[in-house]
Amino acid sequence: MKQLSHIDSAPSTPGKFKMEKSPYIHRLVRFHSPLAKLAFWSFVFLGLIFVCFYRSPSSSPPIPSDLSRRSLRTHSWGGPAWEKRVRSSARVRSDKGISVLVTGAAGFVGTHVAAALKRRGDGVIGLDNFNDYYDPALKRARQALLERSGIFIVEGDINDMALLNKLFEVVAFTHVMHLAAQAGVRYAMENPSSYVHSNIAGLVSILEVCKSANPQPAIVWASSSSVYGLNTKVPFSEKDRTDQPASLYAATKKAGEEIAHTYNHIYGLSLTGLRFFTVYGPWGRPDMAYFFFTKDMLKGKSIPIFEAANHGTVARDFTYIDDIVKGCLAALDTAEKSTGSGGKKKGAAQLRVFNLGNTSPVPVSELVSILERLLKVKAKRSIMKLPRNGDVQFTHANISSAQRELGYKPTTDLQTGLKKFVRWYLSYYGSGKKSSH
């Protein structure tokens with residue numbers, strides 16, 4: 001029997017998405033002037049946009065199976081009963097409460113943030129597409145956990161503008177906590193399109209509906225420590241360069257920060273980006289090292305321990321979920337109101353970015369040693385060179401800005417946090433007999 005007493009969560013992530021190969025045949029064309037060449041390629045570009053975005057479903061070829069699972073038309077919503085559930089979940093129950101749309105609410109961080117908001121009396125509506133980037137059953141279990149506390153998660157895609165507009169029509173959200181994203185560094189090499197679809201197009205969809213809302217909500221969203229990329233200056237500060245991404249995931253998060261700046265500048269949206277540093281804890285993501293190390297150690301399988309060049313140590317600034325949640329809520333509480341109305345800016349608006357980390361990088365080898373003690377199992381370590389797939393050698397957060405502006409102060413060390421994770425893992429999955437995809 002699964003025990004759902006401990007809440008822990010992370011951004012939900014769109015699943016696999018394969019772009020169709022273009023059926024068009026390239027032809028050689030002679031141009032007699034630069035103007036003719038420019039005009040020709042302009043028409044080609046506009047034609048491709050038309051084909052990609054405006055062709056009717058009836059004329060489209062069959063949708064690949066991995067795309068159909070995330071189609072914007074797969075989820076039903078609307079109607080009096082649905083609207084009643086939305087309003088009930090979004091109802092503010094405290095004097096100074098806020099009404100928040102939490103995207104990625106069935107994810108790791110999303111579940112925790114939604115639950116924390118509800119506990120203090122805020123109105124909360126979740127949005128998640130329940131894709132299968134990792135085991136959807138875990139997301140459904142998180143959903144059940146939230147539903148028992150009165151939180152309704154709408155099943156749908158963040159790129160479904162009709163759904164987003166309907167939600168804002170039913171509820172006048174004061175804040176948006178945008179956590180939905182395609183996570184994972186290595187998966188980007190296998191399915192790059194899903195990162196563009198979710199982390200760039202999805203963010204734009206959220207910002208579009210927010211800029212047109214009246215009143216406009218304040219927005220807090222999940223960036224990533226991955227934006228620091230190949231930066232070698234430590235600890236990482238918000239003022240450091242972020243123009244050397246080491247993965248497509250990092251590049252999409254960096255692009256998100258630039259897009260946020262644009263919407264802040266043009267439309268007066270209040271935007272706060274949070275750069276999370278290796279979040280871990282109960283109800284976490286199965287694709288994270290601490291999670292699959294636990295699974296494989298219990299099953300007696302070998303686990304990969306990466307080392308950098310010249311036997312260099314690979315370390316991460318592991319940050320416990322409860323500390324991250326406190327940072328998220330502080331960002332919401334200190335967010336100033338957006339200044340626009342009906343898509344028009346009326347004054348300068350707040351634009352912020354913060355590191356949320358633990359400030360104490362720990363070698364991955366030490367993480368494994370802690371898990372050995374907690375699981376009472378000897379790990380079968382397989383030492384491997386750090387692959388060139390987007391992973392970086394170390395992360396280390398400078399959190400002085402978050403401390404000063406948000407009152408952010410992490411209090412959970414890795415030993416304590418992993419102890420709580422292992423307790424949850426064994427209660428949810430058992431001692432390795434149950435699959436944790």
- request: Please answer whether the main-chain N or O of H265 pairs with a side-chain N or O of K345 as donor and acceptor at a distance below 3.5 Å.
  value: yes

- request: With the side chain counted from C-beta on, respond yes when I399 and L356 share a heavy-atom pair under 4.5 Å apart, and no when they do not.
  value: no

task: Would you mind reporting whether Y263 and C210 have side-chain heavy atoms less than 4.5 Å apart?
output: no

query: Under 30°, 30 to 60°, or over 60°: which ring-plane class applies to F421 and W424, parallel, tilted or perpendicular?
result: tilted

- prompt: If you look only at pairs with a residue in residues 241-261, which of them pass as a salt bridge (Lys or Arg N to Asp or Glu O under 4.0 Å), with sequence neighbours excluded?
  reply: R241-D243, K254-E258, E257-R275

- prompt: Is the closest side-chain heavy-atom distance between W221 and T103 below 4.5 Å?
  reply: no

query: Residues two or more places apart in sequence or in another chain: which of them pass side-chain contact (heavy atoms from CB on, under 4.5 Å) with A330?
result: L406

message: Under a 3.5 Å distance rule, please check whether S99 uses its side chain to pair with a backbone N or O of T174 as donor and acceptor.
response: no

query: Quick one: side-chain hydrogen bond (donor to acceptor under 3.5 Å, both in side chains) partners of D333, sequence neighbours excluded?
result: R120

query: Just by distance, do the side chain of N165 and the backbone of M161 share a donor-acceptor pair under 3.5 Å?
result: yes

query: Who pairs with A188 by side-chain contact (heavy atoms from CB on, under 4.5 Å), at least two apart in sequence or on another chain?
result: Y195, L248

message: Strictly distance-based, threshold 3.5 Å: is any side-chain N or O of T339 a donor or acceptor partner for the main-chain N or O of G347?
response: yes

field: salt bridge (Lys or Arg N to Asp or Glu O under 4.0 Å) involving R140 - partner list, sequence neighbours excluded
entry: E155

- line: Residues pairing under salt bridge (Lys or Arg N to Asp or Glu O under 4.0 Å) where one sits in residues 346-361, two or more places apart or in two chains, turn out to be none

message: Determine whether a donor-acceptor pair (N or O, by modelled atom type, separation under 3.5 Å) exists between the side chain of N355 and the backbone of N398.
response: yes

message: For a quick test of reading the model, state the closest non-hydrogen atom pair linking A183 to Y133 and the distance between them.
response: O-OH, 3.4 Å

Close side-chain approach of L274 and C328, heavy atoms under 4.5 Å: yes

Partners meeting salt bridge (Lys or Arg N to Asp or Glu O under 4.0 Å) with E405 (sequence neighbours left out): none

task: Taking the side chain as every heavy atom from C-beta outward, state whether L117 and V113 have any pair of such atoms under 4.5 Å apart.
output: yes

query: Side chains of S88 and R85: closer than 4.5 Å at any heavy-atom pair?
result: no

query: Parallel, tilted or perpendicular: which describes the rings of Y429 and Y425, with under 30° parallel and over 60° perpendicular?
result: tilted

task: Indicate yes or no: at least one non-hydrogen side-chain atom of V422 is less than 4.5 angstrom from one of K419.
output: no

query: Excluding sequence neighbours, so at least two apart, what forms side-chain hydrogen bond (donor to acceptor under 3.5 Å, both in side chains) with K166?
result: E83, E169

task: With sequence neighbours left out, write down each residue that passes side-chain contact (heavy atoms from CB on, under 4.5 Å) with K337, or none if nothing qualifies.
output: none

query: Looking only at heavy atoms, which two atoms of V176 and F168 are closest? And how far apart?
result: CG2-CZ, 3.9 Å

field: Side-chain (T294) to main-chain (Y290) donor-acceptor, under 3.5 angstrom
entry: yes

message: Tell me the closest heavy-atom pair linking V227 and A250, and the distance in Å.
response: CG1-O, 4.1 Å

- prompt: According to the interplanar angle, ranging from 0 to 90°, do the rings of F152 and W82 count as parallel (below 30°), tilted (30 to 60°) or perpendicular (above 60°)?
  reply: perpendicular

message: For F354 and Y408, I'd like to know if the aromatic rings sit close, meaning centre-to-centre distance below 6.0 Å.
response: no

field: Closest non-hydrogen atom pair, T412 against N358
entry: O-OD1, 3.6 Å

- request: List for me each residue that meets side-chain hydrogen bond (donor to acceptor under 3.5 Å, both in side chains) alongside S338, sequence neighbours excluded, and say none if there are none.
  value: none

- prompt: side-chain hydrogen bond (donor to acceptor under 3.5 Å, both in side chains) with S205: which residues, sequence neighbours excluded?
  reply: N159

Cation-aromatic face contact K139/Y134, 6.0 Å, 45 degrees: yes

- prompt: T416 versus Y320: any side-chain heavy-atom pair under 4.5 Å?
  reply: no

- request: For residues 200-212, pull every pair meeting salt bridge (Lys or Arg N to Asp or Glu O under 4.0 Å), keeping only residues two or more places apart or in separate chains.
  value: E208-K211

- request: Check whether any side-chain N or O of H396 sits under 3.5 Å from a backbone N or O of T359 as a donor-acceptor pair, and report yes or no.
  value: yes

- request: Taking T242 for its side chain and Y228 for its backbone only, find out whether a donor-acceptor pair lies under 3.5 Å.
  value: no

query: If you look at every heavy atom in D128 and F130, which pair is closest and at what distance?
result: OD1-N, 2.8 Å

query: Under 3.5 Å, side chain of N214 to main-chain N/O of S341, donor-acceptor pair present?
result: no

query: Of the non-hydrogen atoms in T111 and A105, which two are nearest, and what is the gap between them?
result: OG1-O, 3.0 Å

- prompt: Is it the case that T395 and D317 place a side-chain donor and acceptor less than 3.5 Å from each other?
  reply: no

field: N/O donor-acceptor pair under 3.5 Å between E336 side chain and Q350 backbone
entry: no

